[in-house]
Novice: 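Structure provided below as structure tokens; questions to follow.
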Amino acid sequence: MARFQAPKGVSEYVPARSTYFDYVRGTIIESARVAGYQLMELPIFEDTELFSRGVGESTDVVQKEMYTFEDRGGRSITLRPEGTAGVMRAVIEHNLDRGQLPVKVYYSGAFFRAERPQAGRFRQFYQVGIEAIGLADPRIDVEVIAVADRAFKELGLTKYRLEITSLGDALTRQNYLVELRKYIATIPLDAETAARAELNPLRLFDDKREEVRSMMQSAPVLMDYLTGESTEDFRRVQELLNLLGINFVINNRMVRGLDYYTGTAFEFVHSDLGAQSGIGGGGRYDGLMAQLGGQELSGIGFGLGVDRILMACEAEGISLPEGFGLDLFIVPLGTGDAALKIAENLRERGIHVDLAFGDKALKGGMKSADRSGATYSIVIGADELDSGIVALKEMKTGESTSVTLSALAQELIERISNFGEHS
RNA sequence: GUGGUCGUAGCUCAGCUGGUAGAGCACUCGGUUGUGGUCCGAGAUGUCGCGGGUUCGAGCCCCGUCGAUCACCCCA
């Protein structure tokens, strides 16, 4: 019988790489927590209409990338392709928008898009996102960007850049698109490209072909059509980014894949990732809440691709710590029961302990200790149990010190410099 | 949905113009009494992705199929 295989295009993590994935995700979440964002744990499937209305009927995401199915009650259900629409639904449903504003939440989990997989693109992928709802102020825009930037810096990433733009309000965009279409009508395009331009003229700015790019050089840019208020907000965003020492470049041809963005929009791009270089992006969405049946509230948020961020760390050669490394490895010599009991006592004190099971010779046991990556090891045989004294060995240096079994936990806690931080 | 590349041991791969399958790493055991990493020795491992065809003979050639991967469209 053929062996089972994971479905096409899913990203999954097993040891040892899973420890790095966990660390990357944890770092991003921590960056959100230190800024006061609270957990929103939501379903991975929703009413299909939530996405078609929220994300936008004309987007590729809705038109051809959703995993949609009918449940047993005949309802149309879709696996979430992004996080913001679900958060808005939950905020409205639980009346969070009636309390203190802004509502600041983060989420983390799997998302789904039925695309052809390639490097950095998966059908099931992981995102951590945050949303700040109910406040239209450049300060919160910049706080959101800072949460992402801080996470990247904490991870040690350097080869990424922040691109920002302003998409203006709905009216501005409408007026601009009319002008852009007029311009596009004047340039020669093949049928396929023309069809794309018809659907969303902004996409031509992203075209990979040099001839198209150069023709778009002199196209009108949205920035020139912004209202006074939008222009001022955008200026403030730049001013505040500078205040916080966050580097950025203005990209007034940025294309966003989701329809709901207005005003500030941004994207983090990494240079060493191949075709899928975006590691995260987001922006302000003014009309979304109302569109989904809630109050007229503005919001801003981002989604960061955990898979791609891990790939970026690897591409930069960053050596990531293993979030839950072992402190101690116990090698029993015919004393398995006692060793298990000692391990449990230490674990209750929060020390990370593993031990050799089965009847291993000393040499084999020490080999296991070595490969476990534990900082320390002890051997427990009849002698140690009789005397109550063990040799606590530091694996890296090979040095060992005599410690009584009763003082072992305290000794380890004192020695482990990062104690209390590794969870 | 479209196109390129690739499927040989757990991993990375070699295998000459077709002659009955190899290396390195990893793994297990050992190098005389209870201390790992280096070194030395021994050992286990494959329906050469799958199906068909050509041939005396196919890992190698042909057709199909499945899978992986990268790119396009689009996007985290």
Side-chain angles (χ1 to χ4, degrees), chain A residues 2-11 14 16 28 55 58-66 80-84 108-129 148 192-193 195-196 199-200 202-204 206-209 254-258 266-270 273-282 301-312 329-335 356 358 360-374 376-384 390-400:
Chain A
R3 293 217 290 177
F4 284 114
Q5 218 177 336
K8 191 185 190 69
V10 302
S11 75
V14 300
I28 301 166
V55 174
S58 73
T59 60
D60 269 31
V61 169
V62 169
Q63 290 209 332
K64 51 183 209 191
E65 294 171 4
M66 295 207 300
R80 60 184 184 187
E82 61 96 51
T84 304
S108 158
F111 293 83
F112 306 84
R113 288 184 201 174
E115 301 177 271
R116 202 65 177 261
Q118 71 187 73
R121 169 191 287 162
F122 307 98
R123 290 180 170 183
Q124 174 174 334
F125 56 99
Y126 293 88
Q127 278 193 1
V128 174
E192 195 192 340
T193 312
R196 268 202 291 143
L199 203 62
N200 182 353
L202 289 169
R203 285 183 187 162
L204 290 197
D206 244 13
D207 203 290
K208 302 224 158 48
R209 291 166 298 185
M254 188 184 299
V255 179
R256 303 267 64 199
L258 312 179
F266 58 92
E267 193 171 329
F268 288 90
V269 181
H270 197 273
L273 285 187
Q276 309 306 319
S277 58
I279 54 177
F302 67 58
L304 303 187
V306 183
D307 311 277
R308 290 187 187 174
I309 294 167
L310 173 58
M311 290 168 72
F329 192 93
I330 301 176
V331 179
L333 292 176
T335 57
K360 286 210 169 177
L362 178 66
K363 181 164 176 163
M366 285 308 294
K367 221 168 178 175
S368 300
D370 186 37
R371 271 177 295 217
S372 76
Y376 297 96
S377 72
I378 56 172
V379 173
I380 295 181
D383 294 356
E384 282 79 5
V390 296
L392 180 63
K393 178 170 184 172
E394 187 179 353
M395 295 304 283
K396 208 153 91 187
T397 62
E399 288 165 20
S400 54

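Quick note on labels: first sequence line is chain A, next is B, and so on, each numbered from 1. As a basis for the values below, the full set of heavy atoms in this structure was taken, side chains included, without hydrogen atoms, waters or symmetry mates. All of these numbers come straight from a predicted model, not from anything done at the bench.
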Novice: Rounded to whole Å, please give me the gap between OH in A/Y376 and C1' in B/G36.
Specialist: 16 Å

Novice: For the backbone of A/P117 and the side chain of A/R123, can you confirm whether one donor and one acceptor N or O come within less than 3.5 Å of each other?
Specialist: no

Novice: Of A/L304, A/V306, A/V269, A/I309, which is the lone residue that meets side-chain contact (heavy atoms from CB on, under 4.5 Å) with A/I279?
Specialist: A/I309

Novice: Considering non-hydrogen atoms only, spot the tightest contact between A/Y376 and A/L392 and give its length.
Specialist: CB-CD1, 3.7 Å

Novice: If you define the side chain from C-beta out and look only at heavy atoms, does anything of A/H270 sit under 4.5 Å from A/R308?
Specialist: no

Novice: Pick the closest RNA chain B nucleotide for A/D307 and for A/P7 by heavy atoms, then say which residue is nearer the 5' end.
Specialist: A/P7

Novice: What does nucleotides 37-44 of chain B look like as a protein-contact string, B for base, S for sugar-phosphate only, - for none, at under 4.0 angstrom between heavy atoms?
Specialist: B-------

Novice: Parallel, tilted or perpendicular, judged at 30° and 60°: which one describes the rings of A/F111 and A/F125?
Specialist: tilted

Novice: Distance between the P atoms of B/C56 and B/C50, in whole angstroms?
Specialist: 25 Å

Novice: What nucleic acid atoms does A/Y126 come within less than 4.0 Å of, heavy atoms only: base, sugar-phosphate, or nothing?
Specialist: nothing

Novice: The side chain of A/K8 lies closest to which of these nucleotides: B/A68, B/A76, B/G36?
Specialist: B/A68

Novice: Tell me the closest heavy-atom pair linking A/Y126 and A/D307, and the distance in Å.
Specialist: N-OD2, 2.7 Å

Novice: Stem ranges for RNA chain B, with three or more consecutive Watson-Crick or G-U pairs under 3.5 Å?
Specialist: B:1-7 with B:66-72, B:10-13 with B:22-25, B:27-31 with B:39-43, B:49-53 with B:61-65

Novice: Is A/M366 close to A/V379 at the side-chain level, that is, under 4.5 Å between some pair of heavy atoms?
Specialist: yes

Novice: Respond yes when some side-chain nitrogen or oxygen of A/Q127 is under 4.0 Å from OP1 or OP2 of B/A76, and no when none is.
Specialist: no

Novice: Round to the nearest Å and state the distance from A/F266 atom CZ to B/A76 atom P.
Specialist: 11 Å

Novice: Any protein N or O atoms within reach of nucleotides 1-9 of chain B? Criterion: under 3.5 Å, listing atom names and distances.
Specialist:
{"unit_1": "B/U2", "atom_1": "O4", "unit_2": "A/R116", "atom_2": "NH1", "d": "2.7"}
{"unit_1": "B/U2", "atom_1": "O4", "unit_2": "A/R116", "atom_2": "NH2", "d": "3.4"}

Novice: Distance between the C1' atoms of B/G53 and B/C60, in whole angstroms?
Specialist: 15 Å

Novice: I'd like to check the side-chain hydrogen bond (donor to acceptor under 3.5 Å, both in side chains) partners of A/T84; sequence neighbours left out, ordered by chain and number.
Specialist: A/E131, A/Y260

Novice: Side chain of A/Q276 only, heavy atoms from C-beta on: which candidate in B/U35, B/C75, B/G34 is closest?
Specialist: B/C75

Novice: Return no unless some side-chain N or O of A/Q118 is found under 4.0 Å from OP1 or OP2 of B/C72.
Specialist: yes

Novice: Which pair of heavy atoms, one from A/G301 and one from A/F266, lies closest together, and at what distance?
Specialist: O-CZ, 3.8 Å

Novice: Provide the distance between the two C1' atoms, one in B/A9 and one in B/G43, to the nearest whole Å.
Specialist: 15 Å

Novice: Not counting sequence neighbours, which residues clear side-chain hydrogen bond (donor to acceptor under 3.5 Å, both in side chains) with A/T335? List them please.
Specialist: none

Novice: Mind checking the C1' distance from B/A44 to B/C73? Whole angstroms is fine.
Specialist: 49 Å

Novice: Over all heavy atoms of both residues, which pair between A/Q124 and A/A110 is shortest? Give the atoms and the distance, please.
Specialist: NE2-CB, 3.5 Å

Novice: Can you check the A/R113 CZ to B/C73 P distance for me, whole Å?
Specialist: 16 Å

Novice: Select base, sugar-phosphate, or nothing to describe what A/A369 touches, counting heavy atoms under 4.0 Å on all strands.
Specialist: nothing

Novice: Looking at B/A76 and A/F111: do their rings stack (centroid distance under 5.5 Å, interplanar angle under 30°)?
Specialist: no

Novice: Rounding to an integer number of angstrom, what distance separates B/G18 and B/C75 when you compare their C1' atoms?
Specialist: 47 Å

Novice: Reckon A/E384 touches a base, only the sugar-phosphate, or nothing at all at heavy-atom distances under 4.0 Å?
Specialist: base

Novice: If we take the P atom in both B/C39 and B/A26, what is their distance in whole Å?
Specialist: 9 Å

Novice: What's A/G120 touching, base or sugar-phosphate or nothing? Going by heavy atoms closer than 4.0 Å.
Specialist: base

Novice: Give the minimum heavy-atom separation between A/S377 and A/M395, together with the two atoms involved.
Specialist: OG-SD, 3.2 Å

Novice: Distance check, C1' atoms only: B/U54 and B/C70, in whole angstrom units.
Specialist: 33 Å

Novice: Report which part of the nucleic acid A/L304 touches: base, sugar-phosphate, or nothing (heavy-atom distance under 4.0 Å, all strands).
Specialist: nothing

Novice: Could you check how far CD of A/E267 sits from C1' of B/C74, rounded to whole Å?
Specialist: 12 Å

Novice: Could I get the full list of side-chain hydrogen bond (donor to acceptor under 3.5 Å, both in side chains) partners for A/S108, not counting sequence neighbours?
Specialist: none

Novice: Pick the nucleotide of RNA chain B nearest each of A/E394 and A/P117; which residue has the one closer to the 5' end?
Specialist: A/E394

Novice: With C1' as the reference atom in both, quote the distance from B/A14 to B/G7 in angstrom, rounded to an integer.
Specialist: 15 Å

